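Remarks on the structure that follows.
Please read these numbers as outputs of a predicted model, since none were measured by experiment. Sequence lines set the chain letters: A, B, ... in the order given, protein chains first and strands last, and positions in each chain run from 1. Both backbone and side-chain heavy atoms feed into the values below; hydrogens, waters and symmetry mates do not.
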Amino acid sequence: MNPRSDHHTRRHGRGAAGLALLAALALACTVAPLLSDGAAPLRADSDPVLTALTDGRGSLSFALLSGLLGAGLGLGWAVLATALGERTERRLMAAAARLAGLPLALLAPLGAGLMGGGLPLLALLVAVSAAPLVAGLAHGELRDLLRREFLIAARAAGLSQGAILRHHLIPNAVRPLLAAGAVALPRALAVESFASLLGLGLPSPVGSWGATIGLAARLGDGLALIPAALLLSLSLWALHAVADEALSLAAEGPHGGAATDARA
Amino acid sequence: MPRTVASRLIDTLPATLLPIAAGTALASALAWATGLDALGAARALLAALGLSFLLIAPALFLGAALGALAGAWAGLAPQTGSGLAGRALIAAGPLLPGFLLAACAALAVRAGAAAAPLAWAALALPAACQAARLARPAMTEALTSDALRMAEGFGLDDRAVLRHHALPAALAPVLGGFANATLAALAGAVALESLLDLPGLGARLIDAARAGSTSGALPALIALGGLTGLLTALGTALGAWLQPLAGSGGRGR
């Protein structure tokens with residue numbers, strides 16, 4: 001096996017491991033309340049591992065919700081920029097690049113504190129903090145796709161714009177755009193955990209790893225901090241591994257080699 | 001300081017100092033409007049900014065430099081001690097967000113550990129992980145590049161080829177990704193200041209947000225934006241200065 005294919009195999013192995021780990025974490029967090037002896041609401045008396053697993057339901061489901069929202073915003077941004085002509089495209093993408101260089105992670109705790117919190121607002125703020133990054137990646141993928149030979153050949157063959165869009169552009173754009181959108185998930189989990197750690201994230205009835213870690217760090221309670229920190233770390237690793245693999249698969253193209261037309 | 005660094009800083013610093021000045025002016029104006037000491041408010045904001053700078057800058061620059069070297073070494077000799085350290089940093093990157101390390105550091109400080117070294121280590125580690133992740137593939141690519149083979153063909157010894165050709169190529173992407181490392185360090189610093197009740201800009205921002213005070217949060221947010229730009233500009237200028245230093249000996253040979 002040559003070093004390049006070895007590297008690809010390892011990366012694909014990491015992606016599969018990340019997916020398996022995420023499935024295991026989701027399952028464990030779902031069944032955790034069934035293992036509880038009813039002490040979960042009395043946090044001081046409860047088992048820290050079970051508490052961390054129960055908190056995982058809030059963190060993971062919120063990350064999924066706000067990550068999908070952020071991915072949608074970012075993808076919409078990139079598609080809009082590509083569709084609206086060169087001048088608007090330059091402006092929109094320059095704005096995305098500038099925003100990505102700002103500490104947008106601070107928006108979530110700041111907005112939650114100043115505007116009174118609430119899940120929809122927090123989800124929107126977390127999504128906004130992930131959107132410029134997704135927009136940049138998705139725009140790069142779209143530009144790359146639009147330069148491919150098969151599109152030039154389709155135009156030269158006299159196909160209408162609608163036919164090109166339906167038969168060539170959309171089928172080939174789905175995978176890279178989904179891969180770019182996947183980057184929003186770890187970002188959403190990290191931003192929510194950061195805001196909850198500061199006490200300005202998910203409201204207290206909804207458990208969160210960040211809130212547990214923040215409270216444990218303030219109280220000096222290492223036993224409560226370790227399980228939540230470990231589960232958060234593992235989830236972030238798994239989400240990053242899946243997103244990296246998705247991006248790597250998108251770069252390889254539909255047939256595993258250099259990107260080619262799926263319908264060729 | 002070489003002229004290139006000075007000119008780079010002259011180009012970028014005004015744009016980064018402007019938000020800091022605007023934040024300070026806003027804090028001062030808001031204090032004056034509410035009948036408080038305007039000069040005192042401006043001084044307090046600048047003092048908080050100074051503390052945040054002292055907390056982040058050494059950790060960020062040192063972490064990025066050490067991470068870049070470890071990552072480059074992981075590309076050059078993955079089985080050596082430094083190479084293994086580089087690989088460990090690359091693997092640990094996604095596991096260790098800055099705010100989580102800040103919480104662990106805060107816990108250790110509450111248990112009696114020394115605050116400053118732990119705080120700097122917690123902020124340096126994410127920067128080191130990111131630098132290592134960027135430097136390793138760049139070093140691997142540089143080692144197989146035509147420029148390197150040509151330098152070897154001209155009879156340069158391995159050490160000179162490594163120092164003057166491969167290393168600058170490995171450091172270049174670290175400079176490109178320095179803004180992300182700055183953002184990660186900033187989030188870590190905000191968490192650390194808030195958890196340890198340090199009087200920095202991040203704690204000021206979060207305290208104002210908790211109190212629902214827009215007039216308290218806005219100047220701190222604007223100044224934090226300026227601090228991010230300032231740290232990125234300083235890091236990029238410093239890296240751009242180090243790169244030609246590494247490459248300069250090769251030109252003279």
> Measuring heavy-atom distances to chain B, does A:Ala112 have an atom under 4.5 Å in its side chain, in its backbone, in both, or in neither?
Replying inline: neither
> Are any of the side-chain heavy atoms of A:Leu110 and B:Leu221 separated by less than 4.5 Å?
Replying inline: yes
> In terms of heavy-atom proximity below 4.5 Å to chain B, should A:Ala100 be classed as side chain, backbone, both, or neither?
Replying inline: backbone
>> Heavy atom to heavy atom, less than 4.5 Å: which residues from residues 126-133 of chain B reach chain A?
In response: none
>> Give me the atom names and distance for the closest heavy-atom approach of B:Thr228 to A:Gly101.
In response: CG2-O, 3.9 Å
>> Just so I understand: if I count every heavy-atom pair under 4.5 Å between each of B:Ala187, B:Ala106, B:Ala217, B:Ala184 and chain A, which residue has the most?
In response: B:Ala187
> Which pair of non-hydrogen atoms, one from B:Leu100 and one from A:Ala229, has the smallest distance, and what is that distance?
Replying inline: CD1-CB, 3.7 Å
>> Heavy-atom cut-off 4.5 Å, strictly under: side chain, backbone, both or neither for A:Ala105 against chain B?
In response: neither
>> Does any backbone or side-chain atom of A:Leu114 lie under 4.5 Å from a heavy atom of chain B? Answer side chain, backbone, both or neither.
In response: both
>> Can you tell me which residue among A:Leu198, A:Leu197, A:Ile213 is in a side-chain contact (heavy atoms from CB on, under 4.5 Å) with B:Phe99?
In response: A:Leu197
>> Quick check on A:Leu106 against chain B: is it the side chain, the backbone, both or neither that has a heavy atom closer than 4.5 Å?
In response: side chain
> Which bit of A:Ser235 is near chain B, if near means a heavy-atom gap under 4.5 Å: side chain, backbone, both or neither?
Replying inline: neither
>> So which atom in B:Arg110 and which in A:Gly220 form the shortest heavy-atom distance, rounded to 0.1 Å?
In response: CD-N, 4.2 Å
> How long is the gap from CG on B:Leu96 to OG on A:Ser233, to the nearest 0.5 Å?
Replying inline: 6.0 Å
